[in-house]
Structures are given as C-alpha cells and as structure tokens.
Amino acid sequence: GDSVTQMEGPVTLSEEAFLTINCTYTATGYPSLFWYVQYPGEGLQLLLKATKADDKGSNKGFEATYRKETTSFHLEKGSVQVSDSAVYFCALVGYSSASKIIFGSGTRLSIRP
Amino acid sequence: DSGVTQTPKHLITATGQRVTLRCSPRSGDLSVYWYQQSLDQGLQFLIQYYNGEERAKGNILERFSAQQFPDLHSELNLSSLELGDSALYFCASSVVPGDVTYNEQFFGPGTRLTVL
C-alpha cells in the first residue's frame with residue numbers, strides 16, 4: 001500500500017541555519033504530496049503541497065519539490081527561525097485512497113536562538 | 001483558526017468506559033475525517049463521512065464507531081476503552097471528497113483522550 005518515510009528526529013538547529021527534512025514515498029500512480037506542520041498544543045496546518053511531478057510547493061519560506069524519479073518531497077528552508085519549532089509531517093493522498101491522508105511519522109524540529 | 005471545532009479539548013476516563021468526541025466542520029464542508037495520533041502508531045486515518053454517509057474506513061477498531069448528522073457535525077464513539085486508546089484525536093473537514101482531485105482537509109485542534 002501507499003506509504004511515506006521521513007527523516008527521524010528530533011532535529012535541533014541554530015537560528016538562521018539551513019533546514020532539510022527528507023521525505024520519500026511509495027504509491028501507485030501519481031499521488032498529491034504535502035507537508036503539514038503541528039505547532040505545540042495545536043492541530044495540523046497545511047504548510048505546502050504539490051500535485052504533480054516537478055511542481056514546487058512553497059509557503060512561509062519553506063519549499064519542497066515533487067521528484068517522481070526519486071519518489072521524494074524533501075522540505076527545505078534557507079534560514080530557520082525560533083518560531084519554526086514544531087513537528088513536521090510529510091504526507092500523501094493517493095489516487096485510490098478516497099482522499100484519506102497517509103502521514104509520515106513526523107519530525108520534531110527545535111530551533112535554538 | 002481552521003474553522004473546524006472539536007469538543008472536548010481534554011478527556012480523562014477509566015478503562016472500560018465509553019466516550020463521545022464531537023466535531024463541527026467548517027461552514028460549507030460536507031466531508032469529515034477522523035484521525036488518531038498516538039506515540040506508537042503515529043497519525044492514522046480512522047474513518048471518513050460525506051454528507052452523512054460513511055465513505056472510507058481506515059484502521060478503526062470495532063470498539064470505535066462514528067456518524068455524521070444531518071447538520072454535518074460528526075461524533076466519534078469510543079467504547080470499552082483501553083490504556084492504548086490514549087491519544088490525540090483529530091477531526092478534519094473538506095468540501096467534498098475526491099478520488100482524483102484532492103480537496104484540502106482542514107484540521108481541528110484535537111481532543112486529547114487519556115485512559116487511566
């Protein structure tokens with residue numbers, strides 16, 4: 001079945017460092033890919049998405065590119081801030097999944113001032 | 001604020017008991033989804049309703065059931081509770097489900113269930 005594998009955490013960086021969180025997926029057909037963010041004590045928020053190969057999703061300085069050849073959707077940000085501290089989930093919605101979201105295990109990110 | 005509301009925010013109960021979690025979708029959204037977030041299982045899809053009818057089922061235990069009412073709010077019923085049911089339960093809503101075209105799901109703040 002469809003699945004998502006993402007980089008294990010926790011990840012701790014200093015403010016203004018470069019961030020990469022790796023994500024790879026397994027799915028039949030052409031899934032839509034997402035990054036969700038969960039800030040402490042809050043629900044999930046959609047951070048960015050890409051619905052076809054080579055699409056780049058971007059939001060709040062974060063970017064991820066849908067790479068079909070490597071089945072990857074790595075999250076990047078050039079300069080992280082303390083306010084980016086959260087748990088990040090890579091996810092997909094597959095062609096045959098009836099809209100249910102399949103999530104990766106989550107990566108906890110902590111940014112030091 | 002996503003526009004999805006969930007009550008209660010916290011729930012503490014004992015093993016063997018039954019609880020009901022409530023979700024009100026965003027105005028205009030017809031589809032409701034339930035997810036469970038636990039330390040050992042991560043975030044898992046439980047069940048989806050669309051306009052009152054069950055649309056898809058995931059890893060939902062037989063002790064759990066859900067329904068969506070005519071006003072589109074949804075309830076998740078958990079019975080014969082076990083320690084392992086302790087988790088954060090999220091509700092999400094979207095306009096309509098789509099097998100091909102994804103409709104963004106908006107998540108509520110969750111209900112934290114603790115079974116003692």
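In what follows, chains are A, B, ... by sequence order, proteins preceding strands, each numbered from 1.
Of the possible donor and acceptor atoms, one in the side chain of B:Gln68 sits under 3.5 Å from a partner among the backbone N and O of B:Asn51. Without hydrogens or angle criteria, B:Tyr49 side chain to B:Ala66 main chain gives a donor-acceptor distance under 3.5 Å.
For residues 107-116 of chain B, a heavy-atom distance under 4.5 Å to chain A picks out B:Phe107, B:Gly108, B:Pro109, given by residue number.
For B:Gln44, no part lies under 4.5 angstrom from a heavy atom of chain A. With a threshold of 4.5 angstrom between heavy atoms, A:Phe89 approaches chain B through side-chain atoms but not through N, CA, C or O. In this structure, chain A has no heavy atom under 4.5 Å from any part of B:Ile47. Contacts of A:Gln38 with chain B are made by side-chain atoms alone, with heavy-atom separations under 4.5 Å and no backbone atom involved.
The pair A:Glu63-A:Lys56 meets the salt-bridge criterion, since a charged nitrogen lies less than 4.0 angstrom from a carboxylate oxygen. Salt-bridge annotation for B:Arg63 and B:Asp85: present, with a side-chain N of the basic residue lying under 4.0 Å from a carboxylate O of the acidic one.
Considering only residues two or more places apart in sequence or on other chains, A:Lys68 meets the salt bridge (charged side-chain N to carboxylate O under 4.0 Å, His left out) condition with none of them. Qualifying ring pair (Phe, Tyr, Trp, His ring centres under 6.0 Å) partners for A:Tyr88, counting only residues two or more places apart in sequence or in other chains: A:Phe62.
When the options A:Thr107, A:Val4, A:Ile21 are evaluated for a side chain to side chain contact (heavy atoms under 4.5 Å, CB included) with A:Cys90, the one that passes is A:Val4.
Hydrophobic cluster membership for B:Phe106: B:Val4 (Ile, Leu, Val, Met, Phe, Trp, Tyr linked by side-chain heavy atoms under 4.5 Å, directly or transitively).
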